[in-house]
Amino acid sequence: MAGPVILALAELTDGQPTRLSLELATLASDLAVAAGGTAVAAGIGPRAGNAAPTLARHVERVISVEAATEADAPAAIVIASLLAALLEQQTADIVLLPASPDGKDVAGMLAARLDLPILVNAASVAWADGRPVVEMSAFGGRLVTRSTFTGATGIVVVRPGATAARERGSEGSVEVVDLEAAPDPRVTVVERVVSAGAAVSIDDAPVVVAGGRGVAGPEGFAVIEDLADAFGGAVAGTRAVVDAGWLPYAQQVGQTGKIIKPALYVAVGISGAIQHKVGMQTSGTIVAINRDADAPIADFADLLIVGDLFEVAPRLAAAVRARRG
Amino acid sequence: MDILVLVKAVPIVGNERLGADERVDRTVGLEANGNDEYVLEAALKLTEAHGGEVTLLTMGPTAAQEALRKGLAMGAARAVHVIDDGIAGSDARATATVLAAAIGRQRYDLVLAGADTSDGQGGTLASAIATSLDLPYLSYAGRIELTDDGRGVRVQRLSPTGYDVLEAALPALVMGTQVLGEPRYPSLRGIMAARSKETTTLSLADLGIAPDRVGAGAATTRVLDATPPPARAGATVLRTDPESAVAATIDFLAARGLV
Ligand SMILES: Cc1cc2nc3c(=O)[nH]c(=O)nc-3n(C[C@H](O)[C@H](O)[C@H](O)COP(=O)(O)OP(=O)(O)OC[C@H]3O[C@@H](n4cnc5c(N)ncnc54)[C@H](O)[C@@H]3O)c2cc1C
Ligand SMILES: Nc1ncnc2c1ncn2[C@@H]1O[C@H](COP(=O)(O)O)[C@@H](O)[C@H]1O
C-alpha cells in the first residue's frame with residue numbers, strides 16, 4: 001500500500017517560488033520520507049512553467065498549474081479554486097499551505113469547500129504514529145503546543161522558518177496540469193497600487209533591526225535604517241511608530257502586525273510591551289538598545305545595551321561594517 | 001447599511017493559560033480581540049456616514065459578555081451571543097459552522113471580521129465563513145468604503161508592496177486589519193447607553209445545530225501536549241560607555257556567528 005501523499009502549495013512571484021514555498025516543498029519531502037509516502041509541490045500562478053524546475057530540485061514531484069493571479073480577481077480566490085479542482089484529480093492526505101496572507105485565505109476557503117480540518121501557525125511539523133505532529137507557539141511564545149488531526153487528512157498552515165529550504169541533489173518530475181480557474185465573479189480587483197520604495201520584507205529576513213518610539217521621529221529612523229543596512233537586514237518597528245506614520249504597517253512586528261523569527265532581532269528604543277513581544281520573542285538572538293535598564297525587554301533579551309540609541313546605534317553600525325568588511 | 005461585526009472574546013493578552021483539559025482556559029478575564037476592535041471602529045464610521053446599525057456577534061462563554069459590553073459602549077446597537085455548554089472545545093471547523101449559522105439568522109448588508117485572533121485560528125476563519133455562506137470575500141482591509149452607487153463595498157487590501165483596490169457587491173464579508181484605524185474609547189454616555197441595549201442569546205438548538213457536530217467531542221484536531229519553551233538564559237547587560245559596549249556587542253554576536 002502506498003503511503004500518504006503530502007502536497008505543498010507553492011506561491012509564485014516573478015515566475016519563481018517564494019522562499020517560504022521552497023521551505024514547504026522541503027518540508028513535504030521530509031514528511032514523505034518519514035511517512036513512507038509521496039511528496040508533491042503544486043506550483044500555481046503566473047509563469048508556473050518557469051518556476052517548476054526550481055521546485056523540482058526540492059521535491060520529487062511537481063504539478064505545475066498556470067494561473068493568471070495578477071489579473072482582475074484576487075489571487076487567493078483563483079488559487080483556492082484551482083487547488084480545489086486539483087485535489088479532485090490528485091488525492092492528498094496532508095496539504096501544506098504557506099502562512100502568507102494569500103495562503104491563509106486559501107486555507108480557510110479550502111477547509112470550508114472540502115470540509116477539511118486545519119492546524120495553523122505551524123512552527124515545525126514532524127511525523128509520528130501515522131500523523132503529522134504540528135508544533136506551534138501559543139500565548140505569545142509562553143507555551144509550545146504539539147497538535148495533530150484526529151483523522152488521516154487535514155490542512156497545515158506553515159510559518160516561515162519551519163524548515164530550511166534544501167535541494168535534494170536530484171531532479172523531481174514535472175507535470176503540467178491545465179485547469180480552469182473559477183474565481184468569484186462578484187469580487188474584482190479594480191486597481192493595484194505599488195508604493196514607491198517598498199522595503200525589504202521582514203517575513204524571512206535573517207536579521208531584523210526594529211525601531212520604537214525611542215527613535216523620537218521619522219528622522220530618527222535613519223539610524224535604524226543605517227544599522228539594518230550594516231547587517232544586511234530588514235527594518236521593522238513597533239505599533240507606536242506605525243501609528244505615528246514613521247513606518248508602513250507591513251513592517252510592524254507584534255500581535256496585530258507580523259510574527260517573525262529572524263536569527264537576530266535588534267530592538268532599538270523599544271520597551272518590549274507584551275503585544276510587541278509576541279511578534280518577536282522566538283527570534284534566535286535578541287539584542288536590545290534602551291536607556292532604561294528596567295524596560296520590560298530586559299526580561300527577554302539576550303543582550304541589553306543600556307544607553308542612548310543615538311550614541312550606540314551609529315557606532316554599532318560602523319563596527320558591524322568594519323567586521324563584515 | 002446594517003453591519004454585523006464578529007467579535008471574539010480572548011483571554012487578556014499576557015494572562016492566557018491552559019485549563020486542566022489542555023484547552024485555553026476561558027474562565028479567566030476576557031477582552032475583545034484587538035483586530036476585532038479595529039473592524040468595529042470601521043463599522044461604526046460606516047454607519048455614521050451612511051446610516052444603519054451595527055450588530056455584534058460572538059460565540060463564547062459567559063465571560064464573553066465583557067467584550068460585548070465594550071462594543072456596545074463604543075456604539076454598536078445590539079449584540080448576539082451564541083452560548084452553549086456544547087460549544088466548548090470547538091475546533092476551527094465547528095466554530096465556522098456555528099458562526100455561519102448565526103450569521104445566516106441576522107439581517108445585514110456587510111459582515112466584518114478581524115484579520116486574526118491572539119488565541120485562535122490564525123486568520124483562517126473569516127475566509128472559511130465567507131466560503132460556507134457563499135458571500136463575496138475581501139481580506140486584509142486597510143480601508144473600507146461604499147462604492148459610489150452605495151450598493152457595493154470598496155476595500156484597500158494590503159499587499160506586500162502597497163495595496164490592491166477590490167470591489168464587491170453587497171452583501172459581502174470583509175476581513176480587516178489595524179490599518180483601519182485606532183478604535184474609539186467608550187464615552188461615559190456610551191457606557192450608560194450600553195446598559196439598556198439588547199443582547200440576544202442563541203443556543204445550538206436555536207441554530208438547529210446538532211450537539212454532536214461541534215464541541216470537544218467533534219474536534220478534528222487534538223493537542224498532544226503543551227510545554228513552556230526552553231527559557232532564555234537572561235540578558236547580558238552592558239552598562240559601559242558606548243565604545244566599549246559596542247566592542248562587547250560585536251564579540252557577543254561573533255561568538256554566535258551573527259556577524
Ligand atoms: C490591541 C493592541 C494591539 C497591539 N499590537 C501591537 C503590535 O502588533 N506591535 C507593537 O509593537 N505594539 C502593539 N501594541 C502596542 C503596545 O502595547 C505598545 O504600546 C507598543 O509596542 C510600544 O511601542 P514602543 O516600544 O515603540 O514605545 P514605548 O513603549 O514608548 O517605548 C519606548 C522605549 O524607548 C526607550 N527610549 C526612549 N528614548 C530612547 C533613547 N534615546 N535611547 C534609548 N532608548 C530610548 C524608552 O526607555 C522605552 O523603553 C498593541 C496594543 C494593543 C492594545
Ligand atoms: N468565537 C468567535 N466569535 C465571534 N467571532 C469570531 C470567533 N472566532 C473568530 N471570530 C472572528 O474571526 C476572525 C478571525 O479569527 P481566527 O481565524 O480564529 O484568527 C476574528 O478576528 C473574529 O472576527
Side-chain angles (χ1 to χ4, degrees), chain A residues 74 101 104-105 107-109 111-113 117-121 133 139-151 157 184 186-195 198 201 249-250 255-256 263-264 274-275 285 293 298 300-307 311-312 315-316 319-320 323-324, chain B residues 13-14 16 18 34-35 91-93 96 118 121-128 131-132 136-140 142 158 160-169 177-179 182 219-229 232-233 235-239 242-243 245-246 249-250 252 256 258-259:
Chain A
K104 290 189 271 188
D105 275 353
M109 293 172 190
R113 271 170 94 136
I118 185 163
L119 284 168
V120 294
N121 294 338
V133 176
F139 303 166
R142 283 184 294 119
L143 211 56
V144 175
T145 61
R146 296 190 318 134
S147 302
T148 192
F149 301 115
T150 53
V157 182
D184 184 344
R186 300 168 299 184
V187 186
T188 50
V189 180
V190 294
E191 196 186 352
R192 292 185 196 267
V193 179
V194 177
S195 0
S201 160
Y249 172 65
Q255 186 193 323
T256 51
L264 172 63
I274 179 73
Q275 295 91 350
T285 296
F300 55 97
D302 300 299
L303 181 74
L304 170 65
I305 309 169
V306 182
E311 306 223 335
V312 177
R315 286 184 172 85
L316 182 56
V320 169
R323 167 97 195 177
R324 297 179 83 213
Chain B
V13 172
E16 304 99 329
L18 287 190
N35 275 315
D91 60 8
R93 177 206 224 175
S118 51
Q121 293 307 323
T124 58
L125 264 181
S127 61
T131 303
S132 55
Y137 173 68
L138 306 91
S139 58
Y140 297 98
L158 305 174
T161 50
Y163 61 87
D164 299 340
V165 182
L166 310 188
E167 286 182 3
T177 68
Q178 176 200 307
V179 178
E182 189 75 16
T220 54
T221 60
R222 182 160 59 92
V223 177
L224 298 170
D225 53 44
T227 45
R232 286 190 179 270
T236 306
V237 181
L238 302 173
R239 295 173 187 268
E243 295 295 347
V246 162
T249 303
I250 295 290
F252 175 92
R256 293 182 174 217
L258 292 166
V259 282

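Convention: sequence-line order gives letters A, B, ...; per-chain numbering from 1.
- In this structure, CG on A:L304 lies 7.5 Å from CG on B:L238, to the nearest 0.5 angstrom.
- Most heavy-atom pairs under 4.5 Å with chain A: of the set B:A245, B:A233, B:P229, B:S139, this distinction falls to B:P229.
- When side chains are defined from C-beta on, A:F139 counts as touching B:L18, because their heavy atoms get closer than 4.5 Å.
- The candidate from A:E311, A:Q255, A:M109, A:R323 with the greatest count of non-hydrogen atom pairs under 4.5 Å with chain B is A:M109.
- A donor atom on one side chain and an acceptor atom on the other are not found under 3.5 Å apart for B:T131 and A:R113.
- B:R256 touches chain A through its side chain: at least one heavy atom from C-beta onward sits under 4.5 Å away, while N, CA, C and O do not.
- Between chain A and the residues B:Q121, B:R93, B:E182, B:E16, the largest count of heavy-atom pairs under 4.5 Å involves B:E16.
- Put simply, the side chain of A:V157 does not reach to within 4.5 Å of the side chain of A:L119, judged on heavy atoms.
- Interface remark: B:I250 contributes side-chain atoms only to the contact with chain A (heavy atom separation under 4.5 Å).
- Within the 4.5 Å cutoff, no side-chain heavy atoms of B:T221 are placed close to those of A:T148.
- Ranked by heavy-atom pairs under 4.5 Å with chain A, the first of B:S132, B:P136, B:A96 is B:P136.
- For the pair B:T220/A:F149, no side-chain contact is recorded, criterion being any heavy-atom separation below 4.5 Å from C-beta on.
- Heavy-atom distances place both the backbone and the side chain of B:E243 under 4.5 Å from chain A.
- For A:V120, the part lying near chain B is the side chain, with the backbone staying farther off; criterion is any non-hydrogen pair under 4.5 Å.
- With respect to chain A, the highest number of heavy-atom pairs below 4.5 Å among B:A226, B:A92, B:S118, B:A126 belongs to B:A226.
- Expressed to the nearest 0.5 Å, how far CG of B:L138 lies from OG of B:S127 amounts to 12.0 Å.
- Separation of atoms CG (B:L158) and OH (A:Y249) is listed at 7.0 Å; rounding is to 0.5 Å.
- Looking only at heavy-atom pairs under 4.5 Å with chain B, the residue among A:T145, A:V193, A:I118, A:V306 that has the most is A:V193.
- Of the atoms belonging to B:Y140, it is side-chain heavy atoms, and not backbone ones, that fall under 4.5 Å from chain A.
- Counting heavy-atom pairs under 4.5 Å between each of A:N121, A:V189, A:V312 and chain B puts A:V189 at the top.
- Put simply, of B:V13, B:V165, B:D91, B:N35, the one with the most heavy-atom pairs under 4.5 Å next to chain A is B:V165.
- The side chain to side chain contact (heavy atoms under 4.5 Å, CB included) test with A:P74 singles out one residue from A:T188, A:D184, A:D105, A:V187, and that residue is A:V187.
- Interface remark: B:A169 contributes backbone atoms only to the contact with chain A (heavy atom separation under 4.5 Å).
- Heavy atoms closer than 4.5 Å to chain B are found nowhere in A:S201, neither backbone nor side chain.
- With chain A as the partner, the residue from B:V259, B:V237, B:T227 showing the most heavy-atom pairs under 4.5 Å is B:T227.
- The structure places CZ of B:F252 at 8.0 Å from CG of B:L258, a figure rounded to the nearest 0.5 Å.
- A:R142 contributes a side-chain N or O that, together with a main-chain N or O of B:G14, makes up a donor-acceptor pair within less than 3.5 Å.
- In this structure, chain B has no heavy atom under 4.5 Å from any part of A:A111.
- In this structure, the side chains of B:D164 and A:E191 stay at 4.5 Å or more apart for every pair of heavy atoms.
- In this structure, the portion of B:A219 lying under 4.5 Å from any heavy atom of chain A is its backbone and not its side chain.
- If you measure heavy-atom distances from A:R192 to chain B, the contacts under 4.5 Å come from both the backbone and the side chain.
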